[in-house]
Asker: 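Can you keep this structure in mind? I'll have questions shortly.
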2 protein chains.
Amino acid sequence: MTIKLTSKDDEKRAKIFKALSEVKRIEMIRYLVRHPEHKTCGEVGESLGMDKSNVSYHLKILYEAELIHIYRRGQNKYGQLREDTFNAFLPGFLDSL
Amino acid sequence: MTIKLTSKDDEKRAKIFKALSEVKRIEMIRYLVRHPEHKTCGEVGESLGMDKSNVSYHLKILYEAELIHIYRRGQNKYGQLREDTFNAFLPGFLDSL
DNA sequence: CTTGTAATTTGAAAGTTTTAAAACTATCTG
DNA sequence: CAGATAGTTTTAAAACTTTCAAATTACAAG
């Protein structure tokens, strides 16, 4: 079941595109695609050579665009792709990465 | 024949996403989808209630992301979607508008 | 409760984007 | 050529984004 989008969704579309308009955030998404075992924020930052506060900043933008879920387990936080959003707004995108 | 993309294309992807990260530019793309008889810059601006210099500014961003072609005929300039780019980077997107 | 580790928030600096008016360039028509 | 119309460039202000260090919060384990 695919959701039908209309011009009312333009704000949402724009937000998603803005979230993906930085190479670093595309790399973060790719990292999550390639590591479905759910990596912590720290691991993401380490792998991509980013400052920890900067990782938080970018993850929040992805979260606010509903491109990822974030859940805590103990001291760590994990990012998880929201395939529902990608499928609705960018079908085929995750596979193209 | 679809083109295979890699992480080397992240700059290009980011540029395309940035170009589509403004509601106005999404509306411009939709306008071009719905008016394949090739509307002038002036008509686009008129329809979307934009200042002419602002139309130029936004069309240039879409052009630089290779999302549209621009050609002149007489006094007018016309925008034309680049389906090749949409198909390569955002398959299904134009149909979702 | 204290210490350590993980992540977020805050705040300042630097950089980028958007807007709109004014000046400019290109083309057409008489 | 002059005047009109279509679009672009320049400029400056306002708004927004990104980065990083320092302060802060959240949780775990002793």
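Proteins get letters first, then strands, A, B, ... in listed order; numbering begins at 1 in each. These numbers were taken from a predicted model, which means no experiment stands behind them.
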Asker: Choose from D:dA21, D:dT9, C:dT19 the nucleotide whose nearest atom is closest to any side-chain atom of A:S53.
Answerer: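 For the A:S53 side chain, the nearest candidate turns out to be D:dA21.
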Asker: Once you measure the plane-to-plane angle for A:Y71 and A:Y78, does it fall in the parallel (<30°), tilted (30-60°) or perpendicular (>60°) bin?
Answerer: parallel
Asker: How long is the line joining CD of A:Q75 and C1' of C:dG4, in whole Å?
Answerer: 8 Å
Asker: Over how many whole Å does the gap from B:D51 atom CG to D:dA14 atom P extend?
Answerer: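 Nearest whole value for this atom pair: 18 Å.
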Asker: Starting at atom CG of A:L20, determine the distance to atom C1' of D:dT17, rounded to an integer number of angstrom.
Answerer: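 For the pair A:L20 CG and D:dT17 C1', the rounded distance is 16 Å.
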Asker: Distance check needed: C:dT27 P versus B:N76 CG, whole Å only.
Answerer: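 B:N76 atom CG is separated from C:dT27 atom P by 12 Å.
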Asker: Is it the case that atom CD in B:E83 sees more than 12 heavy atoms from other parts of the structure closer than 6.0 Å?
Answerer: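 Counting other residues, nucleotides and ligands, CD of B:E83 stays at 12 neighbours or fewer.
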Asker: May I ask you to decide if the ring planes of A:F17 and B:F93 are parallel, tilted or perpendicular, using 30° and 60° as cut-offs?
Answerer: perpendicular
Asker: C:dA7 base to A:K52 side chain: any donor-acceptor pair below 3.5 Å?
Answerer: yes
Asker: Nearest whole angstrom, please: distance from the P of C:dT27 to the NZ of B:K77.
Answerer: 9 Å
Asker: Starting at atom CE of B:M50, determine the distance to atom C1' of C:dA21, rounded to an integer number of angstrom.
Answerer: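 So the CE-C1' distance, B:M50 to C:dA21, works out to 16 Å.
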Asker: Please tell me if A:H58 has a side-chain N or O lying less than 4.0 Å from either OP1 or OP2 of D:dT17.
Answerer: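 A:H58 to D:dT17 OP1/OP2: no side-chain N or O under 4.0 Å.
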Asker: Which nucleotide in the set C:dA21, C:dT18, C:dA7 lies at the smallest distance from any side-chain heavy atom of B:I61?
Answerer: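 Out of C:dA21, C:dT18, C:dA7, the nucleotide with an atom closest to B:I61's side chain is C:dT18.
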Asker: Ignoring the backbone of A:S56, work out which of C:dT19, C:dT9, D:dG7 is nearest its side chain.
Answerer: C:dT9
Asker: Give the rounded distance in Å between these two atoms: NZ of B:K60 and P of C:dT16.
Answerer: 16 Å
Asker: Taking C-beta and beyond as the side chain, do B:E64 and B:K60 meet within less than 4.5 Å on heavy atoms?
Answerer: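 Contact flag for B:E64/B:K60 side chains = yes.
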Asker: Would you say A:K18 and B:E22 make side-chain contact, with heavy atoms under 4.5 Å?
Answerer: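 A side-chain contact under 4.5 Å exists here.
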Asker: Round to a whole Å and report the spacing from OH of A:Y57 to P of C:dT10.
Answerer: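 Distance, rounded to whole Å: 14 Å.
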Asker: Quick one: is D:dT19 close enough that its OP1 or OP2 comes under 4.0 Å of any side-chain N or O from A:N54?
Answerer: yes
Asker: Examine D:dT17: is either OP1 or OP2 under 4.0 Å from a nitrogen or oxygen in the side chain of B:K18? Give yes or no.
Answerer: no
Asker: Find which nucleotide of DNA chain D each of A:R73 and A:S21 is nearest to by heavy atoms, and output the residue with the more 5' nucleotide.
Answerer: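 The residue whose closest nucleotide sits nearer the 5' end is A:S21.
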